[in-house]
2 protein chains.
Amino acid sequence: MAASIEDVAKKANVSISTVSRVLNRRNLVNVETRKRVEAAIAELGYRPNVFARGLMLRKSNVLGLVLPDLHGEFYSEIIRGANQKTRELGYHLLVSSVTADDDGQDVLAAVGTQGLVDGMIVMVTEMSSMIRKSLQNASIPLVVLDGDIQGAKHDTVAIDHHNGAETLVRRLVSSYPGKRIVFLGGHETNLDTIDRLNAYRKVLAEVGVRPAAEDVVHLDYRYSTAFEYATERVSEWAAAGATVFAANDEMAAGVVDAAIAATLSIPEDLRVVGFDDTRISQLTRPRLTTVHVPMAEMGAKAIELLCERLNEPERPSSRVILPTRVVVRESCGTLSGS
Amino acid sequence: MAASIEDVAKKANVSISTVSRVLNRRNLVNVETRKRVEAAIAELGYRPNVFARGLMLRKSNVLGLVLPDLHGEFYSEIIRGANQKTRELGYHLLVSSVTADDDGQDVLAAVGTQGLVDGMIVMVTEMSSMIRKSLQNASIPLVVLDGDIQGAKHDTVAIDHHNGAETLVRRLVSSYPGKRIVFLGGHETNLDTIDRLNAYRKVLAEVGVRPAAEDVVHLDYRYSTAFEYATERVSEWAAAGATVFAANDEMAAGVVDAAIAATLSIPEDLRVVGFDDTRISQLTRPRLTTVHVPMAEMGAKAIELLCERLNEPERPSSRVILPTRVVVRESCGTLSGS
DNA sequence: CTGAAAGCGCTTACAG
DNA sequence: CTGAAAGCGCTTACAG
């Protein structure tokens, strides 16, 4: 049985009030007394019981992080950034993932069990009305990653994907004027995909182009799916001198490898760009030109916002937008513009 | 303010004892009464306060996972496996990382705060005496990943690295008899590196070979370090018809890319094998021959063991060993043996 | 500067 | 089958 505050009090010959005081507001107690109490604490290896404490203080010092799923490097970077900042600020991190078919009930159960976490960070890539509803009912501070929950008060850390996608496509257009650009996205309902697709359409519209139906393709963000799909179409693309704009690096890598398997040269025969700047983008040959997305920073910033709100519940909602930047490597030749 | 058990009791016109009963041992209460209470619970959106509950029950349903750091796909797979199993079993997962220079104090603080977690899973790649000591003092069930904490009672999930390394090296030796095998490890103190190096030495000794000093190299597990190092030595290795046995896939990928940059062909001019079977091993060209290490399964199995112990504290310690297997791809030509 | 006491929201014998 | 009461280990006014 772990030592309780009473054991400490007895050993130090004081009341539990005094022990509690040296724990929480040390300066309110006489130095002599404090020393005695501290000695007793050390000797007993006493640690306050988090439950009793939480019951009074109504805080656990645990922060929740809910991610869509836990696959891939993408999310692990968020966790990494969040985890580091969490410790830095003296909190704990509770991680949970939520599957796409979650009915929304789980989202809260995952992390929001009454009192378990003081606040939570959520990332939703597919928005269902159920999920929205449970988030609206959350009674703890909320930080939303790269999205928005209408009707729920929350802070936000977003990434300027749109600008990144737009800049990239614009440079593609001006570097290879008149050439086709094929868009390879994830599912049609995926928010990032929607955003990137909009940027793509917008820039093409600016130069008077309306992409052909077969140039907008929805896959599932996975390497293997992209590889298989590209295997079918890669020679057609190369014949047209097209550029493939994949909505993530994984799919871009799949296209690169499919092209190489078809004995095409990149970027000479076919140009490919990715998105996210995950490590894969440096492991393909040639390396991927892509858009850097600061995932770890997003995780860290979200924790920061959450803690700031915890300390100051009434501050106005804030929305931090983290910039992206185009990283030019080899898979797309030289790009004009900046 | 969230509804309390008292609010529910009042609304359902019963005592809090009865509400508590329908929450915990539903069959002890009259169906009619139960219905009424359940209605009140639903109406109020009542959720028991975890702190009050934990204070009585002495359990939080939170499981801790402490990893050496949170870099790379390697660890993210453990988290993934653990996270999934955790939810499956109705628990929550608290993730924490510990830096190499941790004084050990942190290990417990990270996750072991009195009562916060019911049990914890730890992975230590560098063992300091401080860390060992704090783990020995842990008062909650412990599962150790791929290691051993002497003097502390714990369950273990290990991976049969040694066998994997031995099998791989043995097949290397019999496929390319008389050729040099260069070992590229992580830091000398890294437990996995030590293990893999031992396997390497053992197999070579079996065929009467004592590796030359320059054939045992300690780097740091990183792609870029391996790339730089290999750039210096790759032509010498190729001239000798050597095989490079890297202790992880990242370093193997670095060697592959350095060789290709030096216009060498793999596996014709130089053979390379990796370890771990992370996704990188399928993204290099040629793809890496490597040893599959079931990380997600390790995470899941650890959670399973932890929960079993929670339910049955006195069971004898168990040690589960997960098998590895050699995955032959292209970076090392055909391998004889099986 | 310190102690006695109330109270946080639950669970669980103990009576009835 | 149900309720009154004790108790889990803390924090914090309130007196002194």
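Order of the sequence lines fixes the chain letters, A, B, ..., with proteins taken first and strands second; residue numbering starts at 1 for each chain.
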Quiz item: Which nucleotide in the list dT2(D), dG3(C), dC10(D) gets nearest to the side chain of Thr18(B)?
Solution: dT2(D)
Quiz item: Closest to the Leu23(A) side chain: dC10(C), dT11(D), dG3(D)?
Solution: dT11(D)
Quiz prompt | Residue whose nearest DNA chain D nucleotide is more 5′ - Ile16(B) or Ser20(A) | solution = Ile16(B)
Practice problem: Between Asn13(B) and Ala52(B), just flag the one whose closest nucleotide in DNA chain D comes earlier from the 5' side. | Solution: Asn13(B)
Counting just side-chain N and O atoms, does [X] come under 4.0 Å of either OP1 or OP2 of [N]?
X        : N       : result
Ser4(A)  : dG9(D)  : no
Asn49(A) : dC10(D) : no
Thr33(B) : dT2(D)  : yes
Ser17(A) : dG3(C)  : no

Practice problem: Look at the side chain of Arg36(B) and the backbone N and O of Ala12(B), then say whether any donor-acceptor pair between them is shorter than 3.5 Å. | Solution: yes
Quiz item: Do any N or O atoms from the side chain of Ser60(A) and from the backbone of Leu116(A) form a donor-acceptor pair under 3.5 angstrom?
Solution: yes
Quiz prompt | Rounded distance [0.5 Å steps], OG1 in Thr86(A) versus OH in Tyr91(A) | solution = 10.0 Å
Between [atom2] of [N] and [atom1] of [X], the distance in whole Å:
X        : N       : atom1 : atom2 : value
Arg53(A) : dG9(C)  : CZ    : C1'   : 18 Å
Ile41(B) : dC10(C) : CD1   : C1'   : 13 Å
Met56(A) : dA6(C)  : CE    : P     : 14 Å
Phe51(B) : dT11(D) : CZ    : C1'   : 14 Å
Ile5(A)  : dG9(D)  : CD1   : P     : 11 Å
Arg21(A) : dA4(C)  : CZ    : P     : 11 Å
Asp7(A)  : dG9(D)  : CG    : P     : 9 Å
Asn61(A) : dC10(D) : CG    : C1'   : 15 Å

Practice problem: Using the salt bridge (charged side-chain N to carboxylate O under 4.0 Å, His left out) rule, pick out the option among Glu38(B), Glu43(B), Glu6(B) that qualifies with Lys11(B). | Solution: Glu43(B)
Quiz item: Just wondering, do Leu142(A) and Val122(A) contact through their side chains at under 4.5 Å, heavy atoms?
Solution: yes
Quiz prompt | Complement of dA4(C), any strand, by Watson-Crick or G-U distances under 3.5 angstrom | solution = none
Quiz item: Across all strands, who's sitting opposite dA13(C) as a Watson-Crick or G-U wobble pair, both distances under 3.5 Å?
Solution: none
Practice problem: Between Val29(A) and Leu55(A), just flag the one whose closest nucleotide in DNA chain C comes earlier from the 5' side. | Solution: Val29(A)
Quiz item: Any N or O donor-acceptor pair linking the side chain of Arg58(A) to the base of dG9(C) at under 3.5 Å?
Solution: no
